[in-house]
Amino acid sequence: GQDLDGLVSLIDELRGLCCSGEGSENAAIAVRNGGVEALVNLCGSVRIAQEERLLVSALKALSSMLRGMTLVSLRVF
């Protein structure tokens, strides 16, 4: 429903922030503030048959976050 669409939209926005030109910094902020844990918990609670779009969106955002953190780690070392 409408709540699901809103949640998917917010997660897509988070993914966009983690992929943008300053995405690695945004990803680092998201990770430090519990973004990975929140997305993993969300993915674990999704009923796949009814909420497949939410699961896909959350996994894409998680991937962007982790990729951004990899870039931050590479720059540090």
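Everything quoted here is computed from the prediction, not taken from an experiment.
- Between Cys18 atom SG and Lys60 atom NZ the span is 14.5 Å, to the nearest 0.5 Å.
- The CG atom of Leu62 sits 6.5 Å away from the SG atom of Cys43 when rounded to the nearest 0.5 Å.
- In this structure, CG in Leu10 is found 11.0 Å from CG in Asp5, a value given to the nearest 0.5 Å.
- Side-chain N/O atoms of Ser63 and Arg67 include a donor and acceptor closer than 3.5 Å.
- Not counting sequence neighbours, Asp12 has no partner by the salt bridge (Lys or Arg N to Asp or Glu O under 4.0 Å) test.
- A side chain to side chain contact (heavy atoms under 4.5 Å, CB included) with Val8 is found for one member of Leu54, Asp3, Val56 and no other, namely Leu54.
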When the side chains of residues 29-41 are checked against the rest of the protein, which donor-acceptor pairs come out under 3.5 Å, sequence neighbours left out?
unit_1, atom_1, unit_2, atom_2, d
Asn33, ND2, Ile29, O, 2.8
Asn41, ND2, Glu37, O, 3.3

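- Between Leu42 and Ile11 the shortest side-chain heavy-atom distance falls below 4.5 Å.
- Rounded to the nearest 0.5 Å, atoms OG (Ser57) and CG (Leu4) are 9.5 Å apart.
- Taking both residues in full, the closest heavy atoms of Ser64 and Arg15 are given as OG-CG, 3.4 Å, listed atom of the first, atom of the second, then distance.
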Side chain to side chain contact (heavy atoms under 4.5 Å, CB included) for Met65 and Leu14? Distances and angles first, verdict last. CA-CA 9 Å; Met65 230 182 262; Leu14 174 64; 3.6 Å; yes

